[in-house]
2 protein chains.
Amino acid sequence: MNKADQSPTGLEHMLCYDLYAANHAFGRIYKPLLAPLGLTYPQYLAMLTLWAAAPLSVGEIGRRLGLDSNTLTPMLKRLEGMGLVQRRRDGADERRVSVDLTEAGRAQEAQAAHVPGCAAAATGLSMAELLALQLQLRKLRGALKPD
Amino acid sequence: MNKADQSPTGLEHMLCYDLYAANHAFGRIYKPLLAPLGLTYPQYLAMLTLWAAAPLSVGEIGRRLGLDSNTLTPMLKRLEGMGLVQRRRDGADERRVSVDLTEAGRAQEAQAAHVPGCAAAATGLSMAELLALQLQLRKLRGALKPD
DNA sequence: TGAAATTATATCGTGCGCGATTTAATCGCA
DNA sequence: TGCGATTAAATCGCGCACGATATAATTTCA
C-alpha cells in the first residue's frame, strides 16, 4: 500500500477538514463585511431568518438554523439589547417566545443588502461554481439524517 | 405559497448558510464516533495533524488547522492533561513549544482508524460525490486568499 | 554591539455550540 | 376533571474561535 496516497490520518484526505476549514474561511470573509453592522456571523444568519419571515418563535428560528434555545436565547437577548429585535411571550401559547424585528432591525436589511454579493465576489469563484458547491452541500445535508 | 425565490434575504439561497449547516451536521456525525475516544471534533483534527507529522510546534499545527495559539494553547493543554501529548520548549528556539505524541497518543491512532470510514458512510453519499464535494471545497478555500 | 523590529506563545474577554437539567405551559386521555 | 406526558424556553457548564494584548526570545541593522 502506498502511504503517500493512503495515509488514514493525513488531513489532506479528510473531507471533514475541508468542510471545517472552508466554513472558517468563509466566516473570515463575512467578518469585515458584518463588522460595520455590528453583527457576528451567527447573528447575521438569525437576522436573515427574521428578515425572511418575522415574527418567529425561538423554536422556529432554531429549526431553520439547526440551533437550540441554549444557543439562541442568549444571542436573541443580545440582538434585543442592540435594539434590533423584540422578544415577548406568545399570548396564544405562553410557552413560546415570539421574536419580531424592531424598526431598526427592519432598517438593517437594506444596509446588509450588499453583503451576499460582496462575499460571493470574495470567494473568487464563478457563479456556476458557487451554485455547484451549494448543490453538493445541500445534498450532503439532506443525506445526514434530519434528526 | 411561493418558494421565496425572489427574497434577497432568504436563507435558502445563501451559500454561507449551506456551508454553516453542513459543517455542523458533519460535526454531529463525528461526535458519537469520537465520544468513545474522549475527543472533541477540533481535538480530533489536532490529533490527526500530530499522527501525520509529530512532533510539531504550536505554530505548525495552527498553520495546518487555520487556528492561532489563543485557541490551540488551551486545547493542547487539555490533550496533555489527558496524557495524549507532551508539550515542551524547543531547545534550539526557546520561543517555540514542541508538541509530541505520548505512547497513549500514538496508540489512539489505531483506535480512531475506523472513524473516517464510518463518517463517510453516515453521509449517505457515494465516493464520487464525496470526492467532488471535497474538490469544490478545496477550490473555495484556495480562492479565499490565505492572507 | 545594542536598541528596535519581528516572531512564538500565552492570556484575557466575548460570543457561539451543545449536552444536561430546570421550569412552566399545554396536551392526552382515562 | 385530573394527572402524567409532552413541549418550549431558559439556565448551567465546558470547550472552541478569535480580537486584543502581554511577555519573552530571536533577528535585524545602524
Side-chain angles (χ1 to χ4, degrees), chain A residues 16-17 20-32 34-35 37-47 55-63 65-82 85 87-99 147, chain B residues 16-17 20-32 34-35 38-47 49 55-63 65-82 85 87-99 147:
Chain A
C16 66
Y17 167 68
Y20 174 87
N23 184 48
H24 285 2
F26 225 63
R28 261 172 246 130
I29 287 185
Y30 269 90
K31 186 155 304 184
L34 297 175
L37 301 176
L39 293 176
T40 66
Y41 188 52
Q43 284 168 3
Y44 171 65
L45 292 175
M47 291 301 289
L56 290 169
S57 70
V58 173
E60 270 301 328
I61 299 172
R63 223 159 286 125
L65 294 179
L67 297 173
D68 205 346
S69 65
N70 50 8
T71 297
L72 284 174
T73 296
M75 185 163 84
L76 291 170
K77 283 184 176 176
R78 261 170 240 125
L79 291 174
E80 187 173 42
M82 298 178 211
V85 309
R87 297 158 62 252
R88 68 173 206 287
R89 287 279 161 187
D90 183 330
D93 185 341
E94 290 284 340
R95 290 173 303 180
R96 294 169 187 257
V97 166
S98 172
V99 183
D147 307 2
Chain B
C16 67
Y17 167 68
Y20 174 89
N23 184 48
H24 287 157
F26 224 64
R28 261 171 248 131
I29 286 185
Y30 269 89
K31 186 155 302 185
L34 297 175
L39 294 176
T40 67
Y41 188 53
Q43 284 167 4
Y44 171 66
L45 292 175
M47 291 302 288
T49 309
L56 290 170
S57 70
V58 173
E60 269 303 327
I61 299 171
R63 223 159 286 124
L65 294 179
L67 297 173
D68 205 346
S69 65
N70 49 9
T71 298
L72 284 174
T73 296
M75 190 198 318
L76 292 169
K77 282 184 177 175
R78 262 169 239 125
L79 291 174
E80 187 173 43
M82 297 178 212
V85 309
R87 297 158 63 249
R88 68 175 205 288
R89 287 280 162 185
D90 184 329
D93 184 342
E94 289 283 340
R95 290 172 303 178
R96 293 169 189 258
V97 167
S98 173
V99 183
D147 304 15

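In the text below, chain A, chain B and the rest are named by the order of the sequence lines, each starting its count at 1.
Residue A:Y20 places no side-chain N or O under 4.0 Å from the OP1 or OP2 atom of D:dC16.
A:R78 places its CZ atom 10 Å from the P atom of C:dG17, with the value rounded to the nearest Å. Here the P atom of nucleotide C:dA24 and the CD atom of A:E94 are 13 Å apart, to the nearest Å. One interatomic measurement links the two molecules: NZ of B:K31 to P of C:dA20, which rounds to 10 Å at whole-angstrom precision. In this structure, CG of B:N23 is placed 13 Å from C1' of C:dC16, rounded to the nearest angstrom. Between the P atom of D:dC18 and the OH atom of A:Y41 lies a distance of 12 Å, rounded to the nearest Å. Going from atom CE of B:M75 over to atom P of D:dC18 covers 11 Å, rounded to whole Å. In this structure, B:L65 atom CG and D:dC18 atom P are separated by 11 Å, rounded to whole Å. Taking atom CZ of residue A:F26 and atom P of nucleotide C:dC16, one finds them 19 Å apart after rounding to whole Å.
Distances from the side chain of B:Q43 to the nucleotides D:dA17, C:dG17, D:dG15 place D:dG15 closest.
When heavy atoms are screened at a 4.0 angstrom cut-off, B:T71 is found touching base atoms of the nucleic acid. Using a 4.0 Å heavy-atom cutoff across all strands shown, A:A35 reaches no nucleic acid atom at all.
In this structure, the side chains of B:V97 and B:T73 stay at 4.5 Å or more apart for every pair of heavy atoms. At a threshold of 4.5 Å between non-hydrogen side-chain atoms, the residues B:C16 and A:N23 do not count as touching.
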### Task
Go along nucleotides 1-10 of chain D 5' to 3' and tag each nucleotide: B for a protein heavy atom under 4.0 Å from its base, S when only backbone or sugar atoms are that close, - otherwise.
------BSBB
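Here the side chain of A:R89 pairs a donor or acceptor atom with the backbone of A:E94 at under 3.5 angstrom. Remark: side-chain polar atoms of A:S69 are not paired, donor with acceptor, to backbone N or O of A:L72 under 3.5 angstrom.
A salt bridge between A:K77 and A:E80 is absent, with no side-chain N of the basic residue lying under 4.0 Å from a carboxylate O of the acidic one.
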### Query
How far apart are the C-alpha atoms of A:T40 and A:L34, what are their side-chain angles, what is the distance that settles it, and do they pass the side chain to side chain contact (heavy atoms under 4.5 Å, CB included) test?
CA-CA 7 Å; A:T40 66; A:L34 297 175; over 6 Å; no
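Taking the six-membered ring where the residue is Trp, B:Y20 and B:H24 present perpendicular rings, their angle passing 60° and hence far from 30°.
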